[in-house]
Amino acid sequence: MNFKEEVIALLQAHVDLPVAQLRDLIERPKNAKMGDYAFPTFVLAKQLHKSPVLIAKEIAPKLVSPVFANITAVGPYVNFAINHAVLTADTLKQVLQLQAHYGDQTLGHGNIPIDMSSPNIAKPMSMGHLRSTVIGNSLAKVLAKVGYHPIKINYLGDYGTQFGKLIAAYKHWGNEADVKQDPIMNLFHYYVKFHQEAEKHPELEDEGRLWFKKLEQGDAEATRLWTWFRAVSLEDFKRIYYELDVDFDSYNGEAFFNDKMASVITELKDKGLLHESQGAQVVDMGPDQNPALIVKSDGTSIYLTRDLAAAKWRMQHYDFVKMLYVVGNEQGEHFVQLKAVLKKMGYDWSDNIHHVPFGLITQGGKKLSTRKGNVVFLDQVLHDAVDLALNQIEHKNPDLAGKAQVAHDVGVGAVIFHDLKNDRLDNFDFDLKEVVRFEGDTGPYVQYTNARAQSVLRKAEQLTTASATDYQLTDEWSFQVAKDLADFPQVIVRASEKFEPSIVAKFALNLAKKFNKYYANVKILTDDTELPARLALVKASSLVLNEALRLLGVKAPKEM
RNA sequence: GACCUCGUAGCUCAGCUGGAUAGAGCACUGGUUUCCUAAACCAGGUGUCGUGGGUUCAAGUCUCACCGGGGUCACCA
């Protein structure tokens with residue numbers, strides 16, 4: 001049942017305003033005491049030459065509906081209070097009927113490639129990669145729920161000058177045995193050392209560029225090292241993706257597009273877009289903007305060149321309706337350039353490309369920089385989180401079966417949830433204590449709520465209950481839960497439109513909070529006539545909590 | 001200097017398309033377990049919504065300017 005439409009239908013008979021405008025005006029009061037829907041009468045004041053307060057007073061008594069418990073004038077508003085029993089019964093019925101499909105939408109269809117995660121080869125994954133990974137993963141699930149077909153692309157940073165530098169570093173300080181023993185960390189150390197040394201000996205930079213040029217020209221030694229570094233790195237990444245339970249539809253990284261750049265450059269030339277500037281080939285971006293660099297002065301390619309080739313290739317292969325780049329906010333200008341160049345090339349589908357930016361993670365207020373060796377290793381964070389979760393279980397529920405698995409789900413869940421619960425663009429300063437907190441506004445809080453609900457349902461199996469089809473509940477707490485449940489479909493819509501997982505996370509927290517209040521105030525397992533209705537509420541809450549957590553990529557253990 | 005982004009309680013942040021006394025969590029104090037998992041619940045209180053104009057019946061929300069934090073400013077990605 002759509003209560004808002006019901007409000008509109010009622011008002012229509014007594015108010016001289018078009019339906020579309022009514023729909024716009026009707027709002028949900030922030031304060032629940034004011035009712036569930038409100039109609040502000042200000043707009044009618046001029047039309048009727050009366051005070052809004054008087055208008056509200058006149059309209060309210062004329063409106064009668066079984067759906068609303070009462071309709072009253074409060075100041076210049078007409079407030080509608082939903083009949084609790086109707087909303088509760090209606091919502092529970094829907095959730096239990098649709099199960100996990102509750103909230104599904106058909107907002108669109110077609111492929112949506114999501115460029116996400118994209119770690120750089122030979123560097124450990126950091127907290128920064130976590131953001132892109134979990135936001136992208138969640139968006140994929142949300143977009144699938146509203147009808148689209150997401151394609152998760154891990155655009156590996158497996159090419160570029162940095163590999164020339166890495167090879168140069170390996171040649172100076174590396175050896176095969178060390179790399180075999182601990183690939184990522186040792187390669188990483190070479191890389192950091194390179195940047196430290198390069199500050200004293202700038203000629204190293206040239207050496208790095210030279211190796212990259214060799215790599216791009218197919219030099220055997222360069223290719224051998226690159227291939228090896230890439231393989232061992234990818235192996236390591238996949239281990240972490242397994243921990244996070246994230247998978248990809250494609251690992252086509254930058255190198256994959258290496259042989260696809262020439263045609264883009266030719267095309268840019270043919271379309272008269274390419275100009276020479278300071279020895280490099282660029283596309284002019286207008287008076288106030290930097291030109292878009294396509295070919296560097298030493299003749300090698302650059303990020304943008306590869307991204308252009310990648311975008312074209314993806315359009316040809318996926319025929320996408322939208323494409324998302326889940327990449328840090330600091331790269332905003334790059335995507336402005338990418339879109340602009342594609343547009344100049346005559347590709348209108350450039351408009352369907354969206355940069356989904358996110359805020360920076362800092363430590364002690366400073367930017368984390370891989371180059372400077374100032375990083376927070378994701379591996380370590382996940383490890384610590386799981387350890388702490390296990391500690392917690394030993395303390396609170398030592399007899400729990402499958403502790404290790406639950407600790408993993410809770411620990412990793414805490415980290416993921418922490419990353420998703422706030423607006424994407426908020427920066428945050430990394431603080432392990434904060435990330436792995438288990439109380440308050442956290443993932444484990446939501447998980448715990450669900451585990452409680454599950455526990456109730458398990459115990460309920462022992463009671464013989466008459467099945468009911470009409471879920472009549474009249475207490476205030478169950479109504480608050482039901483109201484949140486009823487909001488879920490709109491939450492999905494908003495999250496998918498704004499590419500914002502935090503909307504789902506916030507919803508899950510609110511629902512969990514309402515459910516815990518219900519749980520604390522109402523004894524559920526009492527064998528009376530309302531028992532089936534109460535169990536329906538518990539079941540529906542658990543279903544929706546599970547679904548919300550799933551959309552965030554967070555596990556929902558049945559016990560914890 | 002230009003552009004992007006953020007600026008709400010001691011701290012971390014909500015506040016959907018402008019609307020009625022601006023809300024959570026953390027931290028702090030106290031309380032709740034013969035009863036469904038106390039990772040919970042209940043009670044305690046603080047705000048020049050960065051500043052100043054503008055639009056509007058109505059601005060934390062829209063607009064402009066300024067201030068402050070972060071980011072970026074072609075041959076890294």
Side-chain angles (χ1 to χ4, degrees), chain A residues 23-25 27-31 33-34 38 40 42-43 45-46 52 74-77 79 118 120 157 159-162 165 209 254 277-282 285 288-304 306-307 327-334 336-337 357 359-360 362 365-367 370-371 389 392-393 395-397 400 410 421-423 425-429 431 434 437-442 444-445 447-449 451-460 490-491 494 498 502-503 506 509-510 512-513 516-517 519-526 538 559-560:
Chain A
R23 191 167 291 131
D24 236 36
L25 285 170
E27 61 190 46
R28 313 199 55 172
K30 286 172 186 168
N31 189 337
K33 283 180 206 150
M34 301 300 190
F42 304 102
V43 279
K46 274 182 193 166
V74 178
Y77 295 87
N79 290 341
S118 311
N120 289 323
Y159 219 68
T161 312
Q162 51 175 333
K165 293 178 183 178
R209 274 193 281 273
E254 296 180 40
S277 170
Q278 297 173 27
Q281 300 288 314
V282 303
M285 287 286 111
D288 294 332
Q289 309 232 4
N290 283 321
L293 188 64
I294 303 294
V295 183
K296 295 189 288 196
S297 50
D298 67 356
T300 57
S301 64
I302 191 168
Y303 191 30
L304 181 61
R306 280 186 287 278
D307 263 10
V327 179
N329 194 27
E330 69 273 16
Q331 288 190 43
E333 198 179 342
H334 167 74
V336 170
Q337 289 195 340
L360 212 59
T362 55
K366 284 189 176 161
K367 189 182 177 185
T370 320
R371 288 191 204 182
Q392 197 82 189
I393 293 170
H395 194 241
K396 307 205 180 233
N397 196 357
L400 181 65
V410 172
K421 78 171 174 187
N422 287 333
D423 193 294
L425 280 164
D426 288 352
N427 293 345
F428 76 83
D429 202 60
D431 175 4
E434 189 62 23
R437 238 181 54 221
F438 299 139
E439 285 115 36
D441 271 351
T442 66
Y445 173 77
Q447 291 173 317
Y448 176 72
T449 309
R452 279 179 136 183
Q454 285 296 322
S455 173
V456 170
L457 294 172
R458 273 193 303 276
K459 298 223 156 100
Q490 275 311 304
V491 166
R494 269 176 55 217
K498 300 182 125 180
S502 73
I503 293 174
K506 292 260 163 53
L509 284 171
N510 283 329
K513 200 172 296 172
N516 278 323
K517 280 182 201 275
Y519 184 95
N521 286 293
V522 176
K523 172 82 178 150
I524 299 163
L525 294 177
T526 305
V538 176
E559 286 182 75
M560 64 185 268

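Note on naming: letters A, B, ... go to the chains in the order of the sequence lines (proteins, then strands), and numbering restarts at 1 for each one. A quick note: this is a predicted structure, and the numbers were derived from the prediction, not measured.
- Regarding A/Glu333, its CD atom lies at a distance of 11 Å from the P atom of B/rC75, rounded to whole Å.
- Counting non-hydrogen atoms under 4.0 angstrom, A/Ala38 reaches a base of the nucleic acid.
- At the heavy-atom level, A/Val295 lies nowhere under 4.0 Å from the strands shown.
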Residues A/Asp298, A/Arg209; criterion side chain to side chain contact (heavy atoms under 4.5 Å, CB included); working and verdict: CA-CA 9 Å; A/Asp298 67 356; A/Arg209 274 193 281 273; 4.0 Å; yes
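- B/rU46: no Watson-Crick or G-U partner with both key distances under 3.5 Å is found in any strand.
- For the pair A/Leu425 CG and B/rC4 C1', the computed distance is 10 Å after rounding to whole Å.
- Each of A/Asn422 and A/Arg306 was matched to the nucleotide of RNA chain B holding its nearest heavy atom; the match closer to the 5' end belongs to A/Asn422.
- When heavy atoms are screened at a 4.0 angstrom cut-off, A/Glu27 is found touching base atoms of the nucleic acid.
- No contact: A/Pro52 has no heavy atom under 4.0 Å from any strand.
- At a threshold of 4.0 angstrom between heavy atoms, the contacts of A/Thr161 are confined to the sugar-phosphate backbone, with no base atom among them.
- Annotation: B/rU55 and B/rC62 have their C1' atoms spaced 8 Å apart (nearest Å).
- Two residues are said to be in side-chain contact when any heavy atoms from C-beta on lie closer than 4.5 Å; A/Gln278 and A/Ser297 fail this criterion.
- Figure legend. B/rG23 is base-paired to B/rC13; pairs are counted as Watson-Crick or G-U wobble with both atom distances under 3.5 Å.
- Only the P atoms considered, B/rG50 is 14 Å distant from B/rU12, to the nearest whole Å.
- Using atom P as the reference point in both B/rG60 and B/rG7, the two lie 15 Å apart (nearest Å).
- Look at the P atom in both B/rU8 and B/rC16: the space between them is 16 Å, to the nearest Å.
- In this structure, A/Asp441 atom CG and B/rA27 atom C1' are separated by 14 Å, rounded to whole Å.
- Using a 4.0 Å heavy-atom criterion, one finds that A/Gln278 contacts the bases of the nucleic acid, with or without backbone contacts as well.
- A/Ile393 is not listed as a side-chain neighbour of A/Met560, based on a closest heavy-atom distance of 4.5 Å or more.
- The partner of B/rU51 is B/rA65, judged by Watson-Crick or G-U wobble contacts that both fall below 3.5 Å.
- Distance from the side chain of A/Asn427 is smallest for B/rG70 among the nucleotides B/rG25, B/rA20, B/rG70.
- A donor and an acceptor atom, one from each side chain of A/Ser502 and A/Asn422, are nowhere located under 3.5 Å apart.
- Residue A/Arg28 is classed as a base contact, given a heavy-atom separation below 4.0 Å to a base.
- If you check every strand for non-hydrogen atoms under 4.0 Å, A/Asn31 touches a base.
- Computed from coordinates, the A/Asp426 CG to B/rG71 P distance equals 16 Å when rounded to whole Å.
- Of the candidate nucleotides B/rG71, B/rC75, B/rA20, B/rG71 has the atom lying nearest to any side-chain atom of A/Leu360.
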Contact letters for nucleotides 34-46 of chain B, in which S counts primed atoms plus P, OP1 and OP2 and B counts the base, heavy atoms under 4.0 Å: -SBBSBSSS----
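- Figure legend. B/rA40 is base-paired to B/rU32; pairs are counted as Watson-Crick or G-U wobble with both atom distances under 3.5 Å.
- Spacing between atom CZ of A/Phe428 and atom C1' of B/rU5 amounts to 16 Å, rounded to whole angstrom units.
- Between the side chains of A/Tyr303 and A/Gln337, no donor-acceptor pair is found at a separation under 3.5 Å.
- The minimum heavy-atom distance between A/Leu293 and A/Leu304, with the atom names listed, is O-CD2, 3.7 Å.
- In terms of polar N and O atoms assigned as donor or acceptor, the side chain of A/Lys506 never comes within less than 3.5 Å of the base of B/rG23 in a complementary pairing.
- A/Lys513 places a side-chain heavy atom less than 4.5 Å from the side chain of A/Tyr445.
- Among the heavy atoms of the strands lying under 4.0 Å from A/Asn79 is at least one base atom, whether or not backbone atoms are also near.
- One interatomic measurement links the two molecules: CG of A/Leu25 to P of B/rC57, which rounds to 14 Å at whole-angstrom precision.
- Across all strands shown, A/Gln331 has heavy atoms under 4.0 Å from base atoms, whether or not it also approaches the sugar-phosphate.
- No side-chain heavy atom of A/Gln454 sits less than 4.5 Å from a side-chain heavy atom of A/Lys459.
- A/Asn516 and A/Thr449 share a donor-acceptor pair across their side chains, judged by distance under 3.5 Å alone.
- As rounded to the nearest Å, B/rC36 and B/rG30 have C1' atoms that lie 27 Å from one another.
- Atom pair A/Ile302:CD1 and B/rC75:P shows a separation of 7 Å (rounding to whole Å applied).
- Look at the C1' atom in both B/rA65 and B/rG23: the space between them is 30 Å, to the nearest Å.
- A/Lys296 and A/Thr161 are linked by a side-chain donor-acceptor pair at a separation below 3.5 angstrom, with hydrogens and angles left out of the test.
- Look at B/rC73: its Watson-Crick or wobble partner, with both distances under 3.5 angstrom, is B/rG1.
- Toward the 5′ end of RNA chain B lies the nearest nucleotide of A/Asn290, the other residue of the pair A/Asn290 and A/Asn120 mapping further downstream.
- Distance CG (A/Asp24) to C1' (B/rA58): 16 Å, rounded to an integer number of Å.
- The gap from the C1' atom of B/rC6 to that of B/rU61 amounts to 15 Å, rounded to the nearest Å.
- Straight-line distance between the C1' atoms of B/rC49 and B/rA24: roughly 16 Å, to the nearest whole Å.
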